[in-house]
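Structure first, then comments.
The analysis underlying the following values was restricted to heavy atoms, covering all of them including side chains, and did not include hydrogens, waters or symmetry mates. Below, read A as the first sequence line, B as the second, and so on, with proteins coming before strands; counting in each chain starts at 1.
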There are 2 protein chains.
Amino acid sequence: MELDKGKEQFIECWTSMGSSWGINRTMAQIHAFLMASSRPMNTDEIMKGLSISRGNVNMNVRNLMEWGLVSKSTPNGGRKEYFEADKDVWQAARKMINMRRQTELEPVVGVLKGLRKVEGEGKEAEEFRDMMKSMYKLANRTNKALVRLEKNQDSAVLSVLSKMLK
Amino acid sequence: MELDKGKEQFIECWTSMGSSWGINRTMAQIHAFLMASSRPMNTDEIMKGLSISRGNVNMNVRNLMEWGLVSKSTPNGGRKEYFEADKDVWQAARKMINMRRQTELEPVVGVLKGLRKVEGEGKEAEEFRDMMKSMYKLANRTNKALVRLEKNQDSAVLSVLSKMLK
DNA sequence: TTCAATTTTCAGGAGAATTTGAAAACTCCA
DNA sequence: TGGAGTTTTCAAATTCTCCTGAAAATTGAA
């Protein structure tokens, strides 16, 4: 397969994965596009490359910067902004994991923590509390494991992990 | 907090988490509803409990069964079907992880594997191949780790994991 | 076989999320 | 300061996904 076809396939693949994980379609597209580019790209190049509007590029590129996956620069002292993806895949994965851990897992842990203590006497209440306890335990452990993962700079951590889980 | 309020909050929490992870809103709702119920529920009870239509219940309950998270029974020899969630939280988590690993991660691993070998000579092609190589490595390792996770019956695996990632 | 209870299907509707494009705002240089 | 180049905003349009509800199919009992 040729390079251009390869890039196209990569973008498509990354995009479809992103959308099934609740990540905005265009955001995934732009991220893949920048990951696959060998140099920083400006807004017009992204618009042309992916056939999307200026407003759309602007909004999603800003999101990607918030996630820390993309950075902006203005070479030649000009005003034109160029965008570049962090090419360290492991680093990028860690950022995505951490972003979602914070916004989505952590609040759940908090809610479950409270729900373990719900009032009531009978078998039904007892069972509910038990369920909340085991959910809390799982969510909390997962959260902690992901925090550790985030702090760890070494990508070898995954191979360690897979050895442990034999 | 009282039991009923607690169940409500749990359903809401589970639902919102589900939807940010690309899981159908109603599917998450029904799953939470059944997790929080102390006995199997029939279609009418689910409809009433969550204020959703019959068709919607039917479709999503079948999905949940496909995922292996919910099972059906017909007590009293009648035709009426009752649905019940698997109450083992760890088991349920493993099923969800595995389902998505198969349908979403595995195909990506395959694509990346091929893209490592994209044709072309210059620096650009070289860089692209390198990127695909490291992505493949990460995706493949993650996939393998998740397979091991799925095979492991013991929920203690997460505490092991968190000790490892110190 | 017939009938009533129940489940399943699916076309159309509703609502949510995304995208566009043009106007407004901003910024730097001459 | 004026103006061209560039970014940002946002209301409206579009697209997508999900849900409804009634009709059709299925099932078990009599």
Considering all heavy atoms, the nearest L115(A)-F128(A) contact: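 Between these two residues, the closest heavy atoms are O-CE2, 4.2 Å.
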
Letter by letter from the 5' end, nucleotides 25-30 of chain C scores (B base, S sugar-phosphate only, - none; protein heavy atoms under 4.0 Å) -BBS--

Closest-nucleotide 5' rank along DNA chain C - winner of E81(B) and I52(A):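 So the residue in question is E81(B).
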
Under 3.5 Å between N/O atoms: give me all the protein pairs with nucleotides 9-13 of chain C, atom names plus distance.
from: dT9(C); atom 1: OP2; to: R62(B); atom 2: NH1; distance (Å): 3.3
from: dT9(C); atom 1: OP2; to: R62(B); atom 2: NH2; distance (Å): 3.3

Nearest to the K72(B) side chain among dT19(C), dT8(C), dC19(D), which nucleotide is it?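 Of all the options, the side chain of K72(B) is nearest to dT8(C).
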
Could you tell me how far apart [X] ([atom1]) and [N] ([atom2]) are, to the nearest whole angstrom?
X	N	atom1	atom2	value
N63(A)	dA17(C)	CG	P	15 Å
M41(A)	dT6(D)	CE	C1'	19 Å
I23(A)	dA17(C)	CD1	P	16 Å
M27(A)	dA17(C)	CE	C1'	15 Å
N60(A)	dA17(C)	CG	P	15 Å
E45(B)	dT6(C)	CD	C1'	15 Å
N76(B)	dA5(C)	CG	C1'	14 Å
L50(A)	dT18(C)	CG	P	17 Å

Where do L34(A) and E84(A) land on the side-chain contact (heavy atoms from CB on, under 4.5 Å) test, with the steps shown first? CA-CA 6 Å; L34(A) 293 176; E84(A) 181 171 25; over 6 Å; no

With a 4.0 Å cut-off on N to O distance, would you call E45(B) and K48(B) a salt bridge?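 Here E45(B) does not pair with K48(B) in a salt bridge, since their nearest N and O are not under 4.0 Å apart.
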
Charged N-O contact under 4.0 Å between E126(A) and R129(A):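 Looking at E126(A) and R129(A), the cut-off is met.
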
Check the phosphate of dT18(C) against N24(A), side-chain N and O only, distance under 4.0 Å to OP1 or OP2. Yes or no?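 Looking at the OP1 and OP2 atoms of dT18(C), one of them is under 4.0 Å from a side-chain N or O of N24(A).
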
Below the 4.0 Å mark, does dC19(D) have OP1 or OP2 next to a side-chain nitrogen or oxygen of T26(B)?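 Answer yes for this pair, as a side-chain N or O of T26(B) is under 4.0 Å from OP1 or OP2.
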
Verdict with reasoning, M41(A) to V61(A), per side-chain contact (heavy atoms from CB on, under 4.5 Å): CA-CA 11 Å; M41(A) 294 283 173; V61(A) 128; over 6 Å; no

According to a 4.5 Å side-chain heavy-atom criterion applied to Ile, Leu, Val, Met, Phe, Trp and Tyr, with indirect links allowed, do W21(A) and M96(A) form part of one hydrophobic cluster?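 Yes, same cluster.
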
Atom NZ in K87(A), atom OG in S38(A): separation rounded to 0.5 Å?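 Spacing of NZ (K87(A)) from OG (S38(A)) equals 7.0 Å.
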
Applying side chain to side chain contact (heavy atoms under 4.5 Å, CB included), name anything that partners K117(B), two or more places apart in sequence or on another chain.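 Residues passing side chain to side chain contact (heavy atoms under 4.5 Å, CB included) with K117(B): none at all.
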
L69(B) and side-chain contact (heavy atoms from CB on, under 4.5 Å): which single residue from K95(B), Q91(B), M99(B) fits?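 Exactly one candidate clears the test, K95(B).
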
